[in-house]
Novice: 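Pasting a structure here, questions to come.
Order of listing sets the numbers, starting from 1, for every ligand and every atom in it. Residue numbers run from 1 in the order of the sequence given. Any value given below was found using the heavy atoms of this structure, including those in side chains, with hydrogens, waters and symmetry copies removed.
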Amino acid sequence: MTNISIIQDDITTLKVDAIVNAANSSLRGGGGVDGAIHRAAGSELDLACQKLGGCPTGQAKTTPGFNLPAKYVIHTVGPIWHAGHQHEAELLAACYQNSLREAQQHHCQSIAFPAISTGIYGYPLTPATKIALQTVQKFAGDIHVIFVCFDEKTFTVYQQLLPEL
Ligand code: AR6
């Protein structure tokens with residue numbers, strides 16, 4: 001069975017093999033968790049991201065963690081919520097699946113995910129959480145997955161939905 005933990009914390013403080021960044025398709029930083037990760041990793045992260053040449057929605061690309069305690073940052077681009085009319089569910093699932101694939105390719109044993117798309121990108125929290133939990137259970141294999149909730153509400157929803165799946 002997949003090893004899943006749910007915690008309330010700041011993802012930039014975690015000493016894990018990889019943390020996932022909820023980035024935008026430019027990969028050049030932004031607000032929310034993306035801004036926090038870039039600030040904590042230092043300017044070398046932006047230089048590394050620049051070389052990646054962007055990332056399409058649903059895909060994932062990896063850089064070192066630089067000044068972060070995490071070894072790697074896996075940058076994925078969540079869908080912007082458009083009332084569910086633009087394949088948001090498939091694209092969000094692809095973010096989790098492709099991030100896990102990157103983690104496996106980099107021999108990671110632990111990976112921490114933020115609640116992708118549920119902040120600035122406006123994806124409703126409950127359906128997004130179901131997709132996160134279901135997709136990870138399907139594809140995580142032996143990797144320890146940590147869902148990192150920044151706020152109390154997100155933490156509560158993850159805890160409520162985990163036993164249902
Ligand atoms: N640690 C863990 N989770 C965090 C942290 C943190 N330090 N900071 C925020 N969160 P968001 P999105 C939570 O908006 O919706 C950026 O500008 C936050 O509370 O960061 O995918 C990008 O460049 C929420 O639960 O990402 C894109 O343009 C979750 O992380 C856009 O925002 C995701 O919120 C992406 O929007």
Novice: Please compare Y121, F147, F150 and report which has the shortest non-hydrogen distance to atom 35 (C) of ligand 1.
Specialist: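 Comparing heavy atoms across Y121, F147, F150, the nearest one to atom 35 (C) of ligand 1 lies in Y121.
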Novice: Would a line drawn from the ring center of Y96 to the ring center of F113 be shorter than 6.0 Å?
Specialist: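 Yes - the distance between ring centres of Y96 and F113 falls below the 6.0 Å cut-off.
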Novice: Closest non-hydrogen protein atom to atom 25 (O) of ligand 1, residue and atom name please, with distance?
Specialist: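 So the nearest neighbour among protein heavy atoms is T118 OG1, 3.5 Å.
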Novice: Rounded to the nearest 0.5 Å, what separation is found between the CG atom of N67 and the OG1 atom of T12?
Specialist: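 Rounded to the nearest 0.5 Å, the CG-OG1 separation comes out at 11.5 Å.
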Novice: Please report which non-hydrogen protein atom sits nearest to atom 21 (O) of ligand 1, along with the residue it belongs to and the distance in Å to one decimal place.
Specialist: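 That would be S117 N, 2.8 Å.
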Novice: Which pairs would a plain distance check flag for residues 79-92, meaning a side-chain donor or acceptor within less than 3.5 Å of a matching protein atom at least two apart in sequence or in another chain?
Specialist:
unit_1, atom_1, unit_2, atom_2, d
E88, OE1, H85, N, 3.2
E88, OE1, Q86, N, 2.7
E88, OE2, H82, N, 2.5
E88, OE2, G84, N, 3.0

Novice: Taking the side chain as everything from C-beta on, heavy atoms only, tell me whether I74 gets closer than 4.5 Å to K61.
Specialist: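 Of all side-chain heavy-atom pairs linking K61 with I74, none is under 4.5 Å.
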Novice: Tell me which one of V20, D10, D34 gets a heavy atom nearest to atom 22 (C) of ligand 1.
Specialist: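 Looking at heavy atoms only, D34 sits closest to atom 22 (C) of ligand 1.
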Novice: One pair to check against side-chain contact (heavy atoms from CB on, under 4.5 Å): H38 and D46. What are the steps and the verdict?
Specialist: CA-CA 7 Å; H38 274 265; D46 186 47; 4.3 Å; yes
Novice: Do H75 and T62 get their side chains close enough for a donor-acceptor pair, meaning under 3.5 Å?
Specialist: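 No, no side-chain donor-acceptor pair sits under 3.5 Å.
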Novice: Kindly identify the option in G35, G119, G31, G32 whose heavy atom sits closest to atom 16 (C) of ligand 1.
Specialist: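 Nearest heavy atom to atom 16 (C) of ligand 1 lies in G31.
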Novice: Tell me which part of I37 gets within contact of ligand 1: side chain, backbone, both or neither, using heavy atoms under 4.0 Å.
Specialist: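 Near ligand 1, I37 shows nothing, with every heavy atom at 4.0 Å or more.
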Novice: In terms of residue, atom name and distance, what is the protein heavy atom nearest to atom 20 (O) of ligand 1?
Specialist: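 Among all protein heavy atoms, the one nearest atom 20 (O) of ligand 1 is V33 N, 2.8 Å.
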Novice: Less than 3.5 Å between some nitrogen or oxygen of T154 and one of ligand 1, yes or no?
Specialist: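 No, there is no polar N/O contact under 3.5 Å.
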Novice: Counting only nitrogen or oxygen atoms and a 3.5 angstrom limit, does I120 reach ligand 1?
Specialist: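 Yes, at least one N or O pair falls under 3.5 Å.
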Novice: Please could you name the atoms of ligand 1 that A22 approaches to less than 4.0 Å, counting only its heavy atoms?
Specialist: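 That gives atoms 21 (O), 22 (C), 26 (O), 35 (C) of ligand 1.
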Novice: Among protein heavy atoms, which lies nearest atom 1 (N) of ligand 1, and at what distance?
Specialist: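 Ranking protein heavy atoms by distance from atom 1 (N) of ligand 1, first comes I11 N, 3.0 Å.
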Novice: Minimum distance, heavy atoms only, to atom 33 (C) of ligand 1: which one of A115, G122, G78 is it?
Specialist: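 Looking at heavy atoms only, the winner is A115.
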Novice: What's the spacing between D17 CG and K15 NZ if we round to 0.5 Å?
Specialist: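 One gets 9.0 Å once the value is rounded to the nearest 0.5 Å.
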Novice: Applying side chain to side chain contact (heavy atoms under 4.5 Å, CB included) between Y158 and each of T156, T154, L162, report the one that passes.
Specialist: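 For Y158, the side chain to side chain contact (heavy atoms under 4.5 Å, CB included) check succeeds only for T154.
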